[in-house]
A.B. asks: 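Handing you this structure, nothing more for now.
The basis for the numbers below is simple: all heavy atoms, side chains too, and nothing from hydrogens, waters or symmetry mates. No experiment lies behind these values; they were computed from the predicted model shown.
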Amino acid sequence: MDTRAADVYRIRGGNRLTGRVVAAGSKNASLPILAASILASEPVQLARVPRLTDVACLAELLRGLGLGVTRNAPYAVRVEPAAKPRVVAPAWFVKRMRASFCVLGPLLARYGRAVVPLPGGCRIGPRPVDLHLEGLTRLGADIEIRRGRVVARAKRLRGAMVNLGGPHGTTVTGTANILSAATLADGVTVLRGAAVEPEIVDLTRFLQALGAQIEGRGTSTLIIRGVEQLGGAQHVMIADRIEAATLLAAGAVTGGEVTVTDVEPAHLAAVMQTLASAGVEISCEPREVRAACKSPLRALRVLARPFPGLPTDVQAQLGVVAALAEGVSRIQDSVFPERFGHLEALRRFGVRAEVDRGVARICGGLPLTAARVTASDLRASAALVLAGLAATGTTYVRRIDHLDRGYECFAEKLCSLGADVTRLRRVTEDRCRGRLARRVPRA
């Protein structure tokens with residue numbers, strides 16, 4: 001994409017964010033649940049589905065496979081079984097978004113064949129799909145890689161013992177793929193080393209609502225007794241814990257007080273603990289979490305790891321908290337050790353950071369100054385927005401199409417808390433004058 005043709009955020013920093021904001025439905029739960037809808041032999045009605053480009057992308061992929069997908073209310077999606085199913089996933093969708101690879105297991109289990117391109121997604125380091133393929137092979141699938149596509153066949157999958165624990169921990173999308181496929185396998189599947197992230201627990205709830213026989217929900221060992229077919233269901237998505245964490249961090253970096261509602265505090269326990277260690281006052285009610293920053297921030301020690309640890313999708317945002325904290329913070333990511341591409345852009349705000357052997361060290365305590373930056377991936381873009389909120393002056397963040405993948409109405413939510421964020425449509429850089437100007441489209 002031509003970065004000059006993408007929308008830009010203009011952020012006038014320095015405002016203290018205060019107030020209450022409602023969390024959206026979870027992107028990372030919606031995507032595998034939409035993919036698992038392929039398994040249903042009757043219509044599925046999903047609620048609290050966020051309006052995001054990633055969700056729209058997966059919906060279009062499902063339509064390409066023959067399913068009927070309609071958004072029959074602002075946050076409700078109806079999925080109807082395919083009248084004429086197709087098992088070849090269009091390459092563009094899967095290359096664009098890694099979660100699209102989650103259609104592999106459901107397609108194979110439902111129709112006995114699947115052709116799915118190897119996935120793409122954010123550039124945050126290697127994320128192999130070996131465990132997906134090994135797990136499906138254990139269930140009796142015949143799998144080949146042909147010209148960058150996974151070609152899988154199985155007259156009917158067979159229950160087996162599958163271990164998803166790898167050298168770098170378990171795999172969330174791999175768990176979704178194997179768990180979904182096993183629901184229609186012949187016999188019993190024991191899935192060990194399964195991811196226990198809330199999004200996988202939500203997928204399990206959805207599959208059980210369809211009629212799947214699954215024991216051990218929320219644990220790393222799942223026992224799935226395959227059934228002949230699955231029916232329809234109604235399901236409400238959990239809250240997006242990554243969006244909630246980002247909004248809480250926005251309150252912290254602006255010295256504000258932000259309450260995120262309609263969330264499950266247990267899903268944010270590691271985030272709350274980390275912010276509290278930095279001096280942020282944290283309190284919670286059954287369905288809301290409040291973060292108030294009333295004193296100088298302290299240096300952080302951050303280790304991103306699988307749930308119930310701190311999410312890797314939050315470590316970039318916490319890097320901005322570290323940049324404003326007194327002292328030297330240490331950030332390490334055990335999930336994606338190379339996920340520090342955002343630091344180069346943060347340095348333009350005056351952030352002092354270096355990475356040595358997989359550990360980022362951020363020297364904080366200095367005020368941030370506005371910058372013109374370009375986002376490299378979804379969570380990096382959120383971190384740049386937080387830096388702009390905390391910086392003195394006017395910041396421009398390019399490539400906010402990344403933000404549209406995972407944050408619904410992000411500018412509007414921030415503005416409701418007191419931020420000054422404007423989305424500039426189709427802007428271009430005026431290099432002569434060194435400023436950003438609107439491009440007026442032709443009639």
Side-chain angles (χ1 to χ4, degrees), residues 31-32 35-39 61 65 85-91 93-95 97-121 126-197 199-200 203-204 207 212-216 219-230 306 335:
L31 297 177
S37 297
I38 293 170
L39 298 164
L61 170 58
L65 295 172
R86 293 183 284 273
V87 297
V88 180
F93 297 102
V94 184
K95 292 290 186 182
M97 184 179 64
R98 181 179 180 82
S100 298
F101 198 65
C102 287
V103 303
L104 176 63
L107 279 176
L108 180 62
R110 181 78 193 280
Y111 302 118
R113 186 169 180 266
V115 181
V116 181
L118 291 169
R127 299 194 284 180
V129 296
D130 296 1
L131 291 175
H132 300 237
L133 306 185
E134 290 172 10
L136 292 173
T137 300
R138 291 282 297 170
L139 294 179
D142 178 19
I143 294 180
E144 299 177 78
I145 307 295
R146 297 180 188 171
R147 297 181 180 179
R149 301 192 303 176
V150 176
V151 181
R153 295 184 179 85
K155 187 174 182 180
R156 187 179 180 189
L157 296 173
R158 304 184 304 272
M161 180 81 71
V162 179
N163 189 348
L164 286 176
H168 303 295
T170 190
T171 164
V172 176
T173 54
T175 299
N177 247 331
I178 308 306
L179 170 61
S180 297
T183 61
L184 294 181
D186 182 19
V188 178
T189 296
V190 178
L191 189 55
R192 298 190 184 279
V196 297
E197 270 69 7
E199 296 79 12
I200 291 297
L203 171 63
T204 305
L207 293 171
Q213 302 297 309
I214 305 171
E215 299 176 17
T219 73
S220 61
T221 300
L222 299 172
I223 300 172
I224 307 106
R225 291 178 170 81
V227 298
E228 288 291 331
Q229 71 173 20
L230 297 173
V335 181

A.B. asks: If you measure from CG on Leu104 to CG on Leu133, what distance do you get to the nearest 0.5 Å?
C.D. replies: 7.0 Å
A.B. asks: Identify the two heavy atoms, one from Gly159 and one from Thr189, that lie closest to each other, and give their separation to 0.1 Å.
C.D. replies: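 The answer is CA-OG1, 3.2 Å.
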A.B. asks: Test side chain to side chain contact (heavy atoms under 4.5 Å, CB included) on Val172 and Glu199; report intermediate values, then the result.
C.D. replies: CA-CA 9 Å; Val172 176; Glu199 296 79 12; 5.5 Å; no
A.B. asks: Show every donor-acceptor pair shorter than 3.5 Å between a side-chain atom in residues 148-157 and any protein atom, with sequence neighbours excluded, or say none if there are none.
C.D. replies:
residue: Arg156; atom: NE; partner: Leu184; partner atom: O; Å: 3.1
residue: Arg156; atom: NH1; partner: Glu228; partner atom: OE2; Å: 3.2
residue: Arg156; atom: NH2; partner: Leu184; partner atom: O; Å: 3.4
residue: Arg156; atom: NH2; partner: Val227; partner atom: O; Å: 3.3

A.B. asks: Which distance, rounded to the nearest 0.5 Å, do you find between the OG1 of Thr137 and the CG of Asp130?
C.D. replies: 10.5 Å
A.B. asks: Please find the pair of heavy atoms, one from Val129 and one from Pro119, that lie closest to each other, and give the distance.
C.D. replies: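 The answer is CG1-CG, 3.8 Å.
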A.B. asks: Write down the atom of Leu230, the atom of Ala212, and the distance for their closest heavy-atom approach.
C.D. replies: CD2-N, 3.4 Å
A.B. asks: Any side-chain heavy atom of Val116 within less than 4.5 Å of one from Phe101?
C.D. replies: yes
A.B. asks: Say you draw a straight line from CD1 of Ile143 to CG of Leu136; how long is it, rounded to the nearest 0.5 Å?
C.D. replies: 4.5 Å
A.B. asks: Do you know which two heavy atoms are closest between Gly105 and Ala181, and how far apart they sit?
C.D. replies: O-CB, 3.7 Å
A.B. asks: Can you tell me how far apart CD (Glu134) and CD1 (Ile178) are? Round to the nearest 0.5 Å.
C.D. replies: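 Reported to 0.5 Å precision, the distance equals 9.5 Å.
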A.B. asks: What is the distance from atom CZ of Arg110 to atom CG of Leu65, rounded to the nearest 0.5 Å?
C.D. replies: 12.0 Å
A.B. asks: Measure from the side-chain N and O atoms of Ser180 to the backbone N and O of Asn177, and report whether any donor-acceptor pair falls under 3.5 Å.
C.D. replies: no
A.B. asks: Would you name the heavy atoms of Pro32 and Leu203 that are closest together and state the gap between them?
C.D. replies: O-CD1, 3.9 Å
A.B. asks: What I'd like to find out is whether the side chain of Leu107 reaches to under 4.5 Å of the side chain of Arg113, using heavy atoms alone.
C.D. replies: no
A.B. asks: What's the spacing between Leu164 CG and Ser220 OG if we round to 0.5 Å?
C.D. replies: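 Reported to 0.5 Å precision, the distance equals 10.5 Å.
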A.B. asks: Output yes when a side-chain donor or acceptor of Arg225 lies under 3.5 Å from a complementary backbone atom of Val188, and no otherwise.
C.D. replies: no
A.B. asks: Identify the residue among Leu191, Val190, Val162 that makes a side chain to side chain contact (heavy atoms under 4.5 Å, CB included) with Leu222.
C.D. replies: Leu191
A.B. asks: For residues Leu61 and Val103, determine if any side-chain heavy atom of one lies less than 4.5 Å from a side-chain heavy atom of the other.
C.D. replies: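 Sidechains of Val103 and Leu61: in contact.
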